[in-house]
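Here's the structure we're looking at; comments come further down.
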Amino acid sequence: MSGGWLSRLTAGLGRSAGRLGGQIGAVFTKRKLDQAALDELEDLLVAADLGPVVAGEVTERLRADKFDRDVTDEEVREALAGVVAETLEPVALPLNIDRSNRPHVILVVGVNGTGKTTTIGKMAKVLIESGEKVVLAAGDTFRAAAIEQLTIWGERVGAEVVARDVGADAAAVAYEALARAREIDADILLVDTAGRLQNKTGLMEELAKIGRVIGKLDETAPHDVLLVLDATTGQNAISQVEVFRDVAAVSGLAMTKLDGSARGGVLVAVAARFGLPIHFIGVGEGVDDLQPFDAGDFARALTSP
Amino acid sequence: MFDSLSGRLSEVFERLTKRGVLSEGDVDAAMREVRLALLEADVALPVARDFIEKARAQAVGQDVLRSVTPGQMVVKIVHDELVTMLGEESAELDLNAPPPVAVLMVGLQGSGKTTTTAKIAKRLVERDRKRVLMASLDTRRPAAQEQLKILGEQAGVPTLPIVEGQTPVAIARRAMQAAKLQSIDVVMLDTAGRLAIDEALMAEVAEVKAESQPYETLLVADALTGQDAVTVADNFNKRVGLTGIVLTRVDGDGRGGAALSMRAVTGCPIKLLGVGEQLDALEGFHPDRIAGRILGMGDVVSLVERAAETIEEEEAEKLARKVQKGQFDLEDMLGQLRQITKMGGLEGLMGMLPGVGKMKQQMADAKIDPALIKKQEAIILSMTQGERHNPKVIHASRKRRIATGSGTSVQEVNKLLKQHKQMVTTMKKVNKLGKKGLMRHGLPGLS
């Protein structure tokens, strides 16, 4: 992979961070931190999708510290980065592959269009490059051409894809894929699923079923359930995490599309509220554009000028 | 799970409507709440600011302060402003041009362009009797062209044959030529998802536009979008020039602030809503309905529609009739309890009823959980049919019998009866609103 991943992330986040940082700069260049200034800061944080709770936290901290004092935009950025990093630090955890699982099963879930299939493709690439044997399960049997899409990814990265026809039972596909992965002694099985809105109870039940059915072959599986969040999503991401966690036992998060103008600040709110590990971020459509999540870098990128 | 904008506003206005005189300070307090609620609902900051300014300017006017019920005035102003912001009339697709008319679909990755393309095509074929051709210009995402082809087969709409290696502009040209030869009325051009800040790709879509001269250029946007909605809508509008917006995933539980933002920033009407994964799940946009829902008027139509999805249709109609007549008895409540999990839980259901912020809180306090629903089911099952239809006859000795029969206590039986009573009251209020309209009578007093 070319370039340090921090530079890639900074480049990816550059546009959005630039805006946020710039706005803070505009508000706070040498001025008194009074109520009006705090209100403005809170607004800026809300505009970055951080959510009212986190926005309130940051402004409170500033008030306690520096109320009515002359502050520079540097200090403000520092404080903001501090709170953001502090919230994210404990959840910035890599996805650990347990060697004793033969294979380690990762179920990938999320609402429609967040980038599950693409994330799986990128994850497979990373894993295969580090020497793992990976099998993909085309569990999105609903959306037209989803199976083809995953199959193409499989060919690109060199992973075997287990697929059935459109309309097949996703749980059956996952089961078959697990059986196959065992047969060829694969290290990791990545199971794609159809996108579903979290308020569709029937579809959410189907996810729970996939888990149960896989469990028949290996009662510890799935070992990880990765929820893919879209950085453009606003506060609804909170509801997504809550429901998917409850129904599908989500064990970790990935956030995609951070290379756009969306700032993904809701991730901070999500971290504060649920404390689920954040494993990856997606910063582009390329096969190499999946990066491990780093709290400090994320916070700095979000608040840099 | 979440405190909806409607819930929040109804709380604010509940306080307001209880006051006889409305001071400027009251309006300010209300507007602060409205503003925060809008932000929580993902309405973009500049849009929320603008909205508050307009609404506030009107609210502090003399007419309001002198009117008999100033709180209601504020509600009306906020509602009217919301409708204005959303676009007062519902706008349809405009295809009034010499055929073949091109419709260009643009948007971010994963916003639902391909599915929406097929939905619109299906609607044009079936409802408007148009001859439609679909073409996928998405040469980037693996199997995207294949996806549109499959959807075309499902929808009964022809798609342009896939030729490997062609550029999007070349495909657009080929599609327009094919349409001319086959006397096609409408050509739907699906494009690859692109970031609004990706210069190269935005230039590409501008080129496609120049080639195909579309009469409609629709931005397909996710209703769950956050603050980024303004950037996206603004960039696409400036670079490509939009004629309308299609909001997708409106069937999610997002609060839809993006709708307000994008409408306000681009000035383009929201023309259609995607409300499900099936190809016929496409609806026209009704600003008044959405504004009403945001303001806590509830949405009985949606409630019945949602019920129909999970309950059998007949049963839904029966329920709707009963709700309308205020004849919702314990037997119906039993049915409801059994449907609750299917329908997305109590909160999903209650979210559609007006002024339920407070009740939702009570429910949260009461810690309603699936086990409790089971218990309640048992209580009702321990009643006779007569008792279920006419709960008034349930007095002390009957309560004891029911409690014993269901393995619960008299208190729990009482609680259930009280809850039923509350539901009936709420439903009556919904009906009153439906008949008389909210604005003339103010929000239902929640007390």
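As a basis for the values below, the full set of heavy atoms in this structure was taken, side chains included, without hydrogen atoms, waters or symmetry mates. In this text, all values refer to a predicted model and were calculated from it rather than measured experimentally. Lettering of chains follows the sequences in order, A, B, ..., and the numbering in each one begins at 1.
Annotation: the span from B:Leu195 atom CG to A:Glu285 atom CD amounts to 7.0 Å, rounded to 0.5 Å. For the atom pair B:Thr225 OG1 and A:Asp230 CG, the distance stands at 7.5 Å (nearest 0.5 Å). A distance of 11.0 Å separates CG of A:Leu45 from CD of B:Gln227, quoted to the nearest 0.5 Å. Going from atom CG of B:Leu39 over to atom CG of A:Asp49 covers 10.5 Å, rounded to the nearest 0.5 Å. Distance CZ/A:Arg263 to OG1/B:Thr231: 6.0 Å, rounded to 0.5 Å.
Contact tally against chain A (heavy-atom pairs below 4.5 Å) for B:Lys149, B:Arg140, B:Gln154: the top residue is B:Arg140. Listed options A:Thr232, A:Thr118, A:Leu150 were ranked by heavy-atom pairs under 4.5 angstrom with chain B; first place goes to A:Thr232. Listed options B:Leu151, B:Asp251, B:Ile150 were ranked by heavy-atom pairs under 4.5 angstrom with chain A; first place goes to B:Asp251. The candidate with the highest count of non-hydrogen atom pairs below 4.5 Å against chain A, out of B:Ala143, B:Pro142, B:Ala44, is B:Pro142.
Between the side chains of A:Arg143 and B:Gln147, a donor-acceptor pair is found at a separation under 3.5 Å. A donor atom on one side chain and an acceptor atom on the other are found under 3.5 Å apart for B:Asp228 and A:Ser261.
Within residues 105-113 of chain B, the residues having any heavy atom less than 4.5 Å from a heavy atom of chain A are, in residue-number order, B:Leu108, B:Gln109, B:Gly110.
When heavy atoms are compared at a cutoff of 4.5 Å, A:Glu205 does not approach chain B at all. Contact annotation for A:Leu203: only side-chain heavy atoms (C-beta onward) come within less than 4.5 Å of a heavy atom of chain B. With a threshold of 4.5 angstrom between heavy atoms, B:Arg141 approaches chain A through side-chain atoms but not through N, CA, C or O. With a 4.5 angstrom heavy-atom cutoff, B:Gln145 does not touch chain A via any of its atoms.
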Q: Take B:Ile197 and A:Asp259 through the side chain to side chain contact (heavy atoms under 4.5 Å, CB included) test and state the conclusion after the steps.
A: CA-CA 9 Å; B:Ile197 54 171; A:Asp259 50 328; over 6 Å; no

(Q) side chain to side chain contact (heavy atoms under 4.5 Å, CB included) for B:Leu224 and A:Gln235? Distances and angles first, verdict last. (A) CA-CA 8 Å; B:Leu224 309 177; A:Gln235 299 306 303; over 6 Å; no

Q: Applying side chain to side chain contact (heavy atoms under 4.5 Å, CB included), run through B:Asp42 and A:Thr233 and close with a yes or a no.
A: CA-CA 9 Å; B:Asp42 288 327; A:Thr233 303; over 6 Å; no

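Across all their heavy atoms, A:Ala47 and B:Leu45 have their closest contact at CB-CD2, 3.9 Å.
Not a single donor-acceptor pair under 3.5 Å links the side chain of B:Arg249 to the backbone N or O of A:Val111.
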